Asker: 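A single structure is presented below for examination.
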Amino acid sequence: KQEVTQIPAALSVPEGENLVLNCSFTDSAIYNLQWFRQDPGKGLTSLLLIQSSQREQTSGRLNASLDKSSGRSTLYIAASQPGDSATYLCAVRLAGGSYIPTFGRGTSLIVHP
Amino acid sequence: KAGVTQTPRYLIKTRGQQVTLSCSPISGHRSVSWYQQTPGQGLQFLFEYFSETQRNKGNFPGRFSGRQFSNSRSEMNVSTLELGDSALYLCASSFGTLGDGYTFGSGTRLTVV
């Protein structure tokens, strides 16, 4: 059974710092991995989707990398801003699986001015 | 293009009542997945509908049911509500293939009193 772990569970940083959020998964036979952001009480907003054949995806200040062999993905946030404060979740879809992705519990990020 | 629409946004119900939540996916998407999110349990998968058929099901009691219509809109029903059913209910829309990513709605906040 695929397990997805996100470390750290919570992070508080001053504005302007570059951040790395981690997502680890136990089964490397994945089809894709998706990073989401969730603001309190709201739905999940998709940030980046990485297919298994890709090594990284970029969108603005965000960069997500994927290393299937080590079972890890990292989300890099450059020059963090208070508006980046949210919970970040990763979701992993197994190749040949049931199609339903496995979610991590998320990293709660606070960026203070 | 229009996003995923969930209605209503908020609901307050009494124990023992039943409730129906609605989700309209992105045009062209054939898969709708439902999730329950609580602070203690995180995101838990309820079920997925694809082309009007339940394709995957999570580990929830039979009080939780759903359906999907020919226009891909989906409804979720919870009967005999319990206090523990208080949660944010999220639906996710996709084309329904392995290479997809999810697009989530804003959620329905259900409070059972």
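Sequence lines set the chain letters: A, B, ... in the order given, protein chains first and strands last, and positions in each chain run from 1. Predicted model only: the values in this text are computed from it and were never measured.
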Asker: Would you find more than 12 non-hydrogen atoms of other residues, nucleotides or ligands less than 6.0 Å from Arg61(A) atom CZ?
Answerer: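 Atom CZ in Arg61(A) is packed in, count exceeds 12.
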Asker: Could you state whether Leu21(B) and Val4(B) fall into the same hydrophobic cluster, counting links through intermediate Ile, Leu, Val, Met, Phe, Trp or Tyr residues with side-chain heavy atoms under 4.5 angstrom apart?
Answerer: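 In one cluster with Leu21(B): Val4(B), no.
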Asker: Based on non-hydrogen pairs under 4.5 Å, which of Tyr102(B), Tyr35(B), Phe45(B) is most in contact with chain A?
Answerer: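 Among Tyr102(B), Tyr35(B), Phe45(B), the one with the most close pairs to chain A is Tyr102(B).
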Asker: Could you list the donor-acceptor pairs under 3.5 angstrom formed between side-chain atoms of residues 86-94 of chain B and any protein atom two or more places apart in sequence or on another chain?
Answerer:
{"residue": "Ser86(B)", "atom": "OG", "partner": "Leu83(B)", "partner atom": "O", "Å": "3.1"}
{"residue": "Ser86(B)", "atom": "OG", "partner": "Val112(B)", "partner atom": "N", "Å": "2.8"}
{"residue": "Tyr89(B)", "atom": "OH", "partner": "Gln36(B)", "partner atom": "NE2", "Å": "2.9"}
{"residue": "Tyr89(B)", "atom": "OH", "partner": "Asp85(B)", "partner atom": "O", "Å": "2.7"}
{"residue": "Ser93(B)", "atom": "OG", "partner": "Ile26(B)", "partner atom": "N", "Å": "3.3"}
{"residue": "Ser93(B)", "atom": "OG", "partner": "His29(B)", "partner atom": "ND1", "Å": "2.4"}
{"residue": "Ser94(B)", "atom": "OG", "partner": "Tyr99(A)", "partner atom": "OH", "Å": "2.2"}
{"residue": "Ser94(B)", "atom": "OG", "partner": "Gly96(B)", "partner atom": "N", "Å": "3.3"}

Asker: So which residue, Gln37(B), Arg109(B), Gln44(B), ends up with the most heavy-atom pairs under 4.5 Å with chain A?
Answerer: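 That would be Gln37(B).
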Asker: Is the number of heavy atoms from other residues, nucleotides or ligands within 6.0 Å of CG (Asn59(B)) greater than 12?
Answerer: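 Incorrect, the count does not exceed 12.
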Asker: I'd like to know which of Gly99(B), Ser106(B), Ser33(B) tops the heavy-atom pair count under 4.5 Å against chain A.
Answerer: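 Top count of heavy-atom pairs under 4.5 Å with chain A: Gly99(B).
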Asker: Linking I/L/V/M/F/W/Y whenever any side-chain heavy atoms sit under 4.5 Å apart, do Ile100(A) and Phe50(B) land together?
Answerer: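 Different clusters.
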Asker: Leu62(A) and Val111(A): same hydrophobic cluster, using ILVMFWY side-chain contacts below 4.5 Å?
Answerer: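 Yes; tracing contacts between hydrophobic side chains, which count when under 4.5 Å, links both residues.
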Asker: If you count every heavy atom of other residues, nucleotides or ligands that lies below 6.0 Å from Arg72(A) atom CZ, does the total exceed 12?
Answerer: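 Counting other residues, nucleotides and ligands, CZ of Arg72(A) stays at 12 neighbours or fewer.
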Asker: State plainly whether one hydrophobic cluster holds both Tyr76(A) and Leu66(A), where clusters connect Ile, Leu, Val, Met, Phe, Trp and Tyr through side-chain heavy atoms under 4.5 angstrom apart.
Answerer: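 No, it is not one cluster - the side chains of Tyr76(A) and Leu66(A) are not joined through contacts under 4.5 Å.
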Asker: May I have all residue pairs that pass disulfide bond (SG atoms under 2.5 Å apart) and include part of residues 56-88 of chain A, sequence neighbours excluded?
Answerer: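 Applying disulfide bond (SG atoms under 2.5 Å apart) to every pair that reaches into residues 56-88 of chain A, excluding sequence neighbours, yields nothing.
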Asker: How about residues 22-32 of chain A versus chain B: which residues have heavy atoms under 4.5 Å apart?
Answerer: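 Counting heavy atoms that sit under 4.5 Å from chain B, the residues of residues 22-32 of chain A involved are Tyr31(A), Asn32(A).
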Asker: Suppose a student defines contact as a heavy atom less than 4.5 Å from any heavy atom of chain B. Which residues in residues 33-60 of chain A would they list?
Answerer: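 Against chain B, the residues of residues 33-60 of chain A that fall inside the cut-off (heavy atoms, under 4.5 Å) are Gln34(A), Phe36(A), Gln38(A), Gly41(A), Lys42(A), Gly43(A), Leu44(A), Ser46(A), Leu49(A), Gln51(A).
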Asker: Would you mind checking which part of Thr97(B) comes under 4.5 Å of any heavy atom in chain A, side chain (CB onward), backbone (N, CA, C, O), both or neither?
Answerer: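 Backbone only.
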Asker: When you group the ILVMFWY residues by side-chain heavy-atom contacts below 4.5 Å and let the links chain together, are Phe60(B) and Phe103(A) in the same group?
Answerer: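 No, Phe103(A) and Phe60(B) fall in different hydrophobic clusters.
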